[in-house]
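Counting starts at 1 for both ligands and their atoms, following the listed order.
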Amino acid sequence: MSRSLRRSLLGRNFLSLLDYSPEEFDYLMDLSIDYKKGRFSDKPLRGKTIALIFEKPSTRTRVSTSVAINELGGYPLELSTTALHISRGETLRDTALVLSRYVHAIAARVKKHETLLELAKWADVPVVNMLSDKYHPLQALADAMTMKERFGDRKLRVVFVGDGGANTSHSLMLASALQGYHHVVACPSAYSPDPLILERAKEIASRTGGHIEVTEDPKEAVNGANVIYTDTWVSMGVPDAEKRMQVFPPYQVNEALISLAEEDVIVMHCQPWFLGQEITERVAYGPHSVAFEQAENRLHTAKAIFKAILVP
Ligand code: CP
Ligand code: NVA
């Protein structure tokens, strides 16, 4: 693994995949795969403390991140926003400046992506996105790793079915662009990806040999798919749950839909899922589902990120 790539990642924020090159993304995936194979027994984070701030609930991210830091010899310091003075008006600026005097990195799950940008603006230590309304890059790294484990370096047709404007949809689209995949977002038109993020994904894909498209037709989209991905129709904090429940049912990932894809299609979901809504129980626990591999890979990718940004 190239020394210049290692140097380029040191001290970096991990806020969105927009900030990472295809080579850096590959490096992080390969490092994650090495961690999964148990290649390292050292404790590179020994003596380092990482603050973990949660404005929203989390099971996978909370536990995989804490365990990853602990297994690398570091200390995961979990902080809920209600326990911090942020809850009574202390600014993000002061929070970032103060935490930077104690900890070696700040990871946060936030309601608004701007919160991460403000923390990163003032922090003297790297800031890692553990999910915002716009992006979920740690998830997408684990998802890309899961695809690579299954399909190697094949160029894939990846189809995201559901809420095209979800954080997971945006980050997966960027991961596909970095990987040079053919990525299709099948979604109701009112729930399309953010146009600016779509534009950036298309720009990246034009350089990697990938292709990004958006359609309203899930059946046409999954024709020839190697990967079908879905996520909840109602992400945490979205205001229009009732409206969504009316428009999303044609986008359910069920056995009829996956029968239109390649025979060895994998079905992905970041979890938590709402069985019987965006995915049926039979598909979620069926032979095509790799959802629990994705969940496991969150542990290995979390190790890769913190090692890469914190250890020379
Ligand atoms: N996929 C994911 O981020 O799950 P949690 O919300 O449980 O962290
Ligand atoms: N899109 C979902 C992802 C949960 C991990 C949400 O934001 O609620």
Numbered atoms of ligand 1 (with element) below 4.0 Å of [X], judged on heavy atoms:
X: R298; value: 1 (N), 2 (C), 3 (O)
X: T61; value: 2 (C), 3 (O), 5 (P), 8 (O)
X: C270; value: 1 (N)
X: H136; value: 2 (C), 3 (O)
X: Q271; value: 1 (N), 2 (C), 4 (O)
X: T59; value: 5 (P), 7 (O), 8 (O)

Strictly below 4.0 Å, N to O, side chains only: are [X] and [Y] in salt-bridge contact?
X: E199; Y: K202; result: no
X: K148; Y: D30; result: yes
X: E24; Y: R12; result: yes

Nearest to [atom], what protein heavy atom do you find, and at what distance?
atom: atom 4 (O) of ligand 1; result: R60 NE, 3.0 Å
atom: atom 8 (O) of ligand 2; result: M236 N, 2.8 Å
atom: atom 3 (C) of ligand 2; result: D231 OD2, 3.6 Å
atom: atom 7 (O) of ligand 2; result: N167 ND2, 2.9 Å
atom: atom 6 (O) of ligand 1; result: R109 NH1, 2.8 Å

* Ignoring hydrogens and angles, state whether a donor on the side chain of Q139 or N167 is under 3.5 Å from an acceptor on the partner side chain. =>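 There is no such pair (donor and acceptor under 3.5 Å, judged by atom type) between the side chains of Q139 and N167.
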
* Taking the inter-plane angle between the rings of Y285 and F292 on a 0 to 90° scale, is it parallel (under 30°), tilted (30 to 60°) or perpendicular (over 60°)? -> parallel

* Asked: For F151, does the CZ atom sit with more than 12 other heavy atoms under 6.0 Å from it, leaving out its own atoms?
  -> yes

* More than 12 heavy atoms of other groups within 6.0 Å of D153 CG ->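 Open: at most 12 neighbouring heavy atoms sit under 6.0 Å from CG of D153.
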
What part of [X], side chain from CB on, backbone N/CA/C/O, both or neither, has a heavy atom under 4.0 Å from ligand 2?
X: L131; answer: side chain
X: D163; answer: neither
X: Q271; answer: backbone

* To the nearest 0.5 angstrom, please state how far the CH2 atom of W233 sits from the CG atom of D240. =>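 It comes to 14.0 Å.
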
* Structure fact -> So CG of N129 and OG of S171: to nearest 0.5 Å the spacing works out to 7.0 Å

* Test the R93-W122 pair against the cation-pi criterion, namely NZ or CZ under 6.0 angstrom from the six-membered ring centroid and within 45° of the ring axis. =>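 Judged by the rule, R93 and W122 form a cation-pi pair.
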
* Asked: Does any N or O atom in R109 lie less than 3.5 angstrom from one in ligand 2, N or O only?
  ->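 Looking only at distances, the answer is no, because the N/O contact criterion of under 3.5 Å is not met.
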
